[in-house]
Amino acid sequence: MTDTAGVPAFHHATRGTPASSWLAAPGRGLAEPLSLAGVERLVVLAAHPDDESLGAGGLVASATDHGIPVTVVCATDGERSHPASPTLTPEHLARIRGDEGRAALLELGVGQHHLVRLRLPDGDLAEHEAALTTALVQQVATGPGTVVVAPWREDGHPDHEAAGRAAAAACRRTDATLWEYPVWFWHWASPDTAPWHRLRPWALDEHARQAKAHAVRAHRSQVAPLSDLPGDEAVVGPEMLARAADPVERYVVTPAEDCPDDALDQVHLREPDPWGASRRWYEERKRDLVLAALPRKRHGRALEIGCSVGDLAAALRERVDSLVAVDRSPAAVRGARERLGDHVDVRLLDVPSEWPEGRFDLAVVSEVGYFLSPASLDRLVARLDACLEPTGALVLCHWRHPVEGWALDGSQVHERVAARLALPLQATYADRDVEVRVHAADGTWPDPYL
């Protein structure tokens with residue numbers, strides 16, 4: 001097994017930590033038990049067919065018993081489970097494991113129409129995290145009441161950890177709660193180093209235990225040898241099967257707002273000007289539209305949310321007395337500070353949970369609203385309501401085309417803001433590509449005859 005940061009290298013063929021050691025661990029009772037109260041839907045992610053059964057089969061069976069809808073997303077077909085097999089090609093293994101996965105889910109009460117197979121490359125999920133995140137966002141759609149169940153980001157298997165990171169990003173974007181299940185952690189870790197306070201228990205009733213056992217056995221290509229030849233050995237050995245038979249499953253629970261999502265920072269790290277703001281006519285034209293929409297020739301203290309590398313901030317600075325520009329990407333903030341120097345107060349803030357002090361005469365939210373989850377956007381609106389002066393204005397500007405990988409598009413952002421902001425909508429401009437909206441009090445505009 002490939003080593004990951006902070007995890008000892010391990011191999012599935014070794015015995016690993018005995019199940020009896022885990023069952024006797026004194027820390028098993030430290031964490032608060034889980035409950036399905038308030039859970040309206042499960043979206044279960046497996047990096048490979050069998051992960052969902054080994055790590056979360058009891059939970060899935062319990063959820064279906066409670067009438068909670070379950071969708072299972074399988075990222076890969078597990079075609080590289082036996083890379084040295086002399087009898088089966090990866091293509092043949094993919095077909096076998098797909099059939100086994102469907103049979104296992106039936107044991108857990110999940111029908112084939114609730115299985116989504118993404119067929120991403122087995123062993124290479126880290127290179128496809130963005131695609132996996134986008135697929136999960138599409139499946140979750142609206143997050144409140146939804147729990148995403150995924151492999152743990154500290155599991156020690158590169159594909160499992162990549163799947164966990166993608167699930168965390170999807171939860172951040174959709175307001176879903178993340179429950180992560182260990183699989184290989186139980187193999188390489190030890191009870192005295194386990195973070196028991198984080199590993200919340202889900203006790204399996206007899207039906208869930210039986211359903212999980214049947215589901216695990218349905219993955220025959222993993223729990224039994226493919227043949228007697230070298231390279232066809234079982235991947236899931238007797239000790240791992242014993243660990244999976246534990247009557248308690250454990251999950252690391254993370255609320256949506258605490259889930260990390262560094263996609264925008266990665267974009268800025270790869271490309272100093274990721275949106276082409278300094279070279280694309282669309283960007284130049286959009287800045288001119290925003291400036292033309294400002295109610296006054298000059299505003300006082302202004303706030304720009306999501307400043308990226310500072311192109312719009314540089315233009316806004318000419319129309320305001322002072323400007324605070326914020327972004328949650330460290331790479332973007334570095335770029336903006338290099339460009340703007342001391343002329344703009346550029347801050348690294350993860351809005352709306354973090355917020356600059358004081359009140360503002362003007363706020364600009366340009367092409368950033370759809371990078372917030374619906375609940376985060378609502379909190380942003382509440383923050384703006386609280387910090388804008390009575391005669392202040394909010395200018396929104398967003399792309400009108402589809403935005404893949406995020407829960408909202410530009411029109412949904414504008415409508416959601418309009419439904420919640422105290423300041424009324426005073427002006428709009430829209431064309432094929434962009435829409436600009438201005439929210440302000442009736443007396444914000446100066447007398448046109450003066």
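Residue indices begin at 1 and follow the sequence shown.
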Between the main-chain N or O of [Y] and the side-chain N or O of [X], is there a donor-acceptor pair closer than 3.5 Å?
X	Y	answer
Arg319	Arg296	yes
Lys212	Ala244	yes
Arg173	Trp406	no
Arg337	Val346	yes
Arg287	Leu312	no
Arg243	Thr17	yes
Arg383	Ser353	yes
Arg41	Gly145	no
Asp262	Asp265	no
Arg317	His343	yes

Regarding [X] and [Y], does a basic nitrogen lie under 4.0 Å from an acidic carboxylate oxygen?
X	Y	answer
Glu367	Lys286	yes
Asp155	Arg153	no
Glu180	Arg198	no

Take a 6.0 Å sphere around CD of Glu404 and say whether it holds more than 12 heavy atoms from other residues, nucleotides or ligands.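 Incorrect, the count does not exceed 12.
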CD of Glu354: more than 12 outside heavy atoms within 6.0 angstrom?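 Counting other residues, nucleotides and ligands, CD of Glu354 exceeds 12 neighbours.
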Roughly how far, to the nearest 0.5 Å, is the CD atom of Glu284 from the OG atom of Ser278?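 Taking OG in Ser278 and CD in Glu284, the distance rounds to 10.5 Å.
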So, Thr428 and Glu435: side-chain donor and acceptor under 3.5 Å apart, yes or no?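 Distance-only check fails for Thr428 and Glu435.
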For the residue pair His299 and Asp321, confirm or rule out a side-chain donor-acceptor distance under 3.5 Å.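 Judged by distance alone, the side chains do not pair up.
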Test log, rule ring pair (Phe, Tyr, Trp, His ring centres under 6.0 Å), inputs His12 and His187: CA-CA 8 Å; His12 70 269; His187 181 81; 8.3 Å; no
Quick one: salt bridge (charged side-chain N to carboxylate O under 4.0 Å, His left out) partners of Asp159, sequence neighbours excluded?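 So Asp159 forms no salt bridge (charged side-chain N to carboxylate O under 4.0 Å, His left out) with any residue.
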My understanding is that only residues two or more places apart in sequence, or in another chain, count here; which of them pass salt bridge (charged side-chain N to carboxylate O under 4.0 Å, His left out) with Arg97?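 In terms of salt bridge (charged side-chain N to carboxylate O under 4.0 Å, His left out), with neighbours along the sequence ignored, Arg97 is linked to Asp50.
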According to the interplanar angle, ranging from 0 to 90°, do the rings of Trp188 and Phe185 count as parallel (below 30°), tilted (30 to 60°) or perpendicular (above 60°)?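 Trp188 and Phe185: perpendicular rings.
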Look at the aromatic rings of Trp179 and Tyr251 and report parallel, tilted or perpendicular, splitting at 30° and 60°.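 Because their plane-to-plane angle lies in the 30° to 60° range, the rings of Trp179 and Tyr251 count as tilted.
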For Leu59, the option from Leu204, Leu108, Leu36 that meets side chain to side chain contact (heavy atoms under 4.5 Å, CB included):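 When side chain to side chain contact (heavy atoms under 4.5 Å, CB included) is applied between Leu59 and each of Leu204, Leu108, Leu36, only Leu36 qualifies.
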